[in-house]
S.K.: 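Sharing a structure, written as structure tokens. Questions coming.
Letters A, B, ... are given to chains in the order of the sequence lines, protein chains preceding strands, and every chain is numbered from 1. Note: hydrogens, waters and symmetry copies are ignored here, and every other heavy atom, side chains too, is used.
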Amino acid sequence: MRSSQYLLSTLKETPSDAEVVSHQLMLRAGMIRKVAAGLYTWTPSGLRVLRKVEKVVREEMQSIDALEILMPMVQPADLWQESGRWDDYGPELLRLKDRHQRDFLLGPTHEEIISELVRKEVSSYKQLPLTLFQIQTKFRDEIRPRFGVMRAREFVMKDAYSFHLTQESLQQSYDQMYAAYCRIFERLGLDYRPVIADTGSIGGNSSHEFHVLASSGEDDIAFSDGSDYAANVEMAEALPPKGERATPAMDKQEHQVKGDELAALLQPLSVEAQQAVKCFLVEASDSVEAEYVLLVVRADHELNSVKAEKLEQVASPFNLVDSYTTHELHNVFLSPVDFSGPIMVDHAAAQLSDFACGAGRNGVWFTGVNWQRDAKITEAVDIRNVIEGDPSPCGQGYLKIARGIEVGHIFQLGKKYSNAMKVGVLSETGKHETLTMGCYGIGVSRIVAAAIEQHHDDRGICWPDNLAPFQAVIIPMNMHKSARVQETAEKLYQQLKDQGVEVLFDDRKERPGVMFSDMELVGIPHQIVVGERNLDEGMVEYQARKAGDKVKLKIEQVASHIKDALS
RNA sequence: CGGCGAUUAGCGCAGUUUGGUAGCGCACUUGGUUUGGGUCCAAGGGGUCGCAGGUUCAAAUCCUGCAUCGCCGACCA
């Protein structure tokens, strides 16, 4: 490709609404342009990269015999009514009507459509196991789209679905998919971690997320410094502290306090946050007689609502109740003392003695409170977020916490959808069996942003070879004044093209500085500079975008040198 | 959904307090100059100042409503 015939729309200035570096660079390098909140047009350079990601994903899916299909983005409501998700899904689901006033939706995911396909097309156990995938545009009406294509409303996703007669078969496909995902992220040159994950609203049993480690990530990942253990903080287990609770040494005392901020309130009491607890009022589930459940964690810890929601006593969906609206009591004064309903106490808080807590009256706190004597514990449970330095639940090492960008997620769905949508086959014994399912997603467009988060410097993007929009670029110095330079550049361009190298020939009538900075911004990994300076010796200059040091090459060596660098 | 803020040329912004001819930098076009790291000079094109209504002799500027976008929070794969 000649840059004079290419749309190379680079920007010097950073658009003001781009916060994270990948968003800034994608705009500056002319990869995407915003159409509306969370909606982007992929321009030629951006699309080239997106297609590279798709290519790797597609190849690895094919390598485990997953079959590619393409399902519609617009889906009829009746299938979603059948699975129950028409009602379960919130405003994130964009619903629309056709001209006959029939209900449709823009697909955020495709379990219903694939279930509909498989129940019609697959009728015998002999056709199993079966894995199908597609690379499709999804739509989720995110509350707050941000960070460019990292969290867009419309995005490209690879989604795969597998169908099995037995759990063992599902486990087998799940393991294959897990391995394929590892190969994909390795080939894409990403620093990633598979982590134990929450199954979220899609439901099911086992689940792993694949995270690209980056400070701009939106998820906290906890991982052990002594083993391979890694989990989303939502899921990472906080081990109960060892040892016995100390015996009470203080009497319960009442204190008038000012303000309603925990830290400010503790200071005059001379109580450390580790020696105090905070309480949360949540709706109780039907299995409990009380209306509310009280959740208690140590004041320096954070409540983990994913864990709390899984408690039998707590209503799902998790609903935090504002005690001010219910009892005219500010949340900070909620108290386990004299609370009538179930009191679920985090292990660390349950370990405390002589601690401080709210008194159940506005403006009053207790010190010297002790469990059993002053307040009951219904059950000690794990309902807090782990923090850095906690012992790893795997038993080896301590936890560290890093930010991650979720780029892949695999689930063992079980029979959630196949039951609801009656997906089954006749087994060997002639009996009807409901299938068990797995589903496996990769955020294809998000990967583009994630890769930039990991591969950039102050001049622009530094693409790994497998992702770069072009593999090599030829930058001629003053070609429009020098016939020799032009001739050599043209010759190299032809040679590289003939060898199948994706090469950009910067034949614009621009000053060298402009070309250098544009090509570095766009991030083309291999640069050839053709200039009068070296032509007398029959040489040109080679520079790798990442390493940066310049090497002189004989003109004849260029093509093979680039080929070697790429392999 | 709640709080805050923004909306003026393709991009980044000034002008709004105190109403009176629409500005700057980058980008773009033309000519010249320069040529191994975003040259320099000159000339030029491009705007219903987000939309609608109101006040006024006169509104980018004051008032009202709406829309869009962003940030923080809550929520959510």
S.K.: Do F505(A) and F470(A) have their ring centres less than 6.0 Å from each other?
M.R.: no
S.K.: Flag the pair R28(A) and E13(A) as a salt bridge only when some basic side-chain nitrogen lies within less than 4.0 angstrom of an acidic carboxylate oxygen.
M.R.: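 Salt bridge flag = no for E13(A) with R28(A).
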S.K.: Rounding to an integer number of Å, can you tell me how far L39(A) CG sits from U68(B) C1'?
M.R.: 13 Å
S.K.: With both distances kept under 3.5 Å, what pairs with U29(B), Watson-Crick or G-U wobble?
M.R.: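 For U29(B), the partner nucleotide comes out as A43(B), under the 3.5 Å rule.
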S.K.: Under a 3.5 Å cut-off for both contacts, is G50(B) paired Watson-Crick or G-U wobble with anything, and if yes, with which nucleotide?
M.R.: C66(B)
S.K.: Could you tell me whether the side chain of D219(A) has a donor or acceptor atom within less than 3.5 Å of a complementary atom in the base of A77(B)?
M.R.: yes
S.K.: Once you round it to whole Å, what is the distance between P of A77(B) and CD of E218(A)?
M.R.: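 Those two atoms, CD and P, are 14 Å apart.
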S.K.: In whole Å, what is the span from the CG atom of D159(A) to the C1' atom of A77(B)?
M.R.: 14 Å
S.K.: Need the pair for A22(B). Rule: Watson-Crick or G-U wobble, both distances under 3.5 Å, any strand; none if unpaired.
M.R.: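 Answer to the pairing question: none, since A22(B) forms no Watson-Crick or G-U pair.
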S.K.: Tell me whether D219(A) is salt-bridged to R403(A), with the criterion being a basic N under 4.0 Å from an acidic carboxylate O.
M.R.: no
S.K.: Are R151(A) and E142(A) close enough for a salt bridge, meaning some N to O gap below 4.0 Å?
M.R.: yes
S.K.: Paired with U56(B) by Watson-Crick or G-U wobble geometry, both distances under 3.5 Å: which nucleotide is it?
M.R.: none
S.K.: Given atom CD1 of I196(A) and atom P of A77(B), what is their separation to the nearest angstrom?
M.R.: 20 Å
S.K.: How many whole angstroms separate atom CZ of R140(A) from atom C1' of C76(B)?
M.R.: 10 Å
S.K.: What does R33(A) touch in the nucleic acid at a heavy-atom separation under 4.0 angstrom: a base, only the sugar-phosphate, or nothing?
M.R.: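 Here R33(A) touches no strand at all.
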S.K.: Just checking K509(A): does its NZ atom have more than 12 heavy atoms from other residues, nucleotides or ligands closer to it than 6.0 angstrom?
M.R.: no
S.K.: Please report, rounded to the nearest Å, how far the C1' atom of C76(B) is from the OH atom of Y89(A).
M.R.: 9 Å
S.K.: Taking salt bridge (charged side-chain N to carboxylate O under 4.0 Å, His left out) as the test, write out the residues that go with E116(A), two or more places apart.
M.R.: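 In terms of salt bridge (charged side-chain N to carboxylate O under 4.0 Å, His left out), with neighbours along the sequence ignored, E116(A) is linked to R119(A), K120(A).
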S.K.: Do any N or O atoms of the protein come closer than 3.5 Å to N or O atoms of nucleotides 70-75 of chain B, and which pairs are they?
M.R.:
unit_1: C71(B); atom_1: OP1; unit_2: E19(A); atom_2: OE1; d: 3.1
unit_1: C71(B); atom_1: OP2; unit_2: R144(A); atom_2: NH1; d: 3.2
unit_1: C72(B); atom_1: OP2; unit_2: R144(A); atom_2: NH1; d: 3.0
unit_1: C72(B); atom_1: OP2; unit_2: R144(A); atom_2: NH2; d: 2.6

S.K.: Taking atom types as modelled, find out whether Y192(A) and H211(A) have a side-chain donor-acceptor pair closer than 3.5 angstrom.
M.R.: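 No.
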S.K.: Looking for any heavy atom pair under 4.0 Å, which part of the strands does E406(A) touch: base, sugar-phosphate only, or nothing?
M.R.: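 Base, at least one base heavy atom under 4.0 Å.
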S.K.: Applying a 3.5 Å limit to both distances, which nucleotide forms a Watson-Crick or G-U wobble pair with C71(B)?
M.R.: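 G3(B) is the nucleotide pairing with C71(B).
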S.K.: Under 4.0 Å: is that the gap between some side-chain N or O of T14(A) and OP1 or OP2 of C11(B)?
M.R.: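 Negative; the distance criterion is not met.
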S.K.: How about E532(A): does its CD atom have over 12 heavy atoms from other parts shown lying under 6.0 Å from it?
M.R.: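 Yes.
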S.K.: Are the aromatic ring centres of F210(A) and H208(A) under 6.0 angstrom apart?
M.R.: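 No, ring centres 6.0 Å or more apart.
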S.K.: Can you tabulate the close N/O pairs, meaning under 3.5 Å, that link protein atoms to atoms of nucleotides 33-38 of chain B?
M.R.:
unit_1: U34(B); atom_1: O2; unit_2: R511(A); atom_2: NH1; d: 2.4
unit_1: U35(B); atom_1: O2'; unit_2: N478(A); atom_2: OD1; d: 2.7
unit_1: U35(B); atom_1: O2'; unit_2: N478(A); atom_2: ND2; d: 2.1
unit_1: U35(B); atom_1: O2; unit_2: N478(A); atom_2: OD1; d: 2.7
unit_1: U35(B); atom_1: O4; unit_2: K481(A); atom_2: NZ; d: 3.1
unit_1: G36(B); atom_1: O2'; unit_2: R533(A); atom_2: NH2; d: 2.5
unit_1: G36(B); atom_1: N1; unit_2: E541(A); atom_2: OE1; d: 3.4
unit_1: G36(B); atom_1: N1; unit_2: E541(A); atom_2: OE2; d: 3.3
unit_1: G36(B); atom_1: N2; unit_2: E541(A); atom_2: OE1; d: 2.2
unit_1: G36(B); atom_1: N2; unit_2: E541(A); atom_2: OE2; d: 3.3
unit_1: G37(B); atom_1: N1; unit_2: E520(A); atom_2: OE1; d: 3.3
unit_1: G37(B); atom_1: N1; unit_2: E520(A); atom_2: OE2; d: 2.9
unit_1: G37(B); atom_1: N2; unit_2: E520(A); atom_2: OE1; d: 2.3
unit_1: G38(B); atom_1: N1; unit_2: S517(A); atom_2: OG; d: 3.1
unit_1: G38(B); atom_1: N2; unit_2: D518(A); atom_2: OD1; d: 3.0
unit_1: G38(B); atom_1: N3; unit_2: S517(A); atom_2: OG; d: 3.2

S.K.: Can we call the ring centroids of Y161(A) and F133(A) under 6.0 Å apart?
M.R.: no
S.K.: To the nearest Å, give me how far apart CG (L27(A)) and P (A27(B)) are.
M.R.: 18 Å
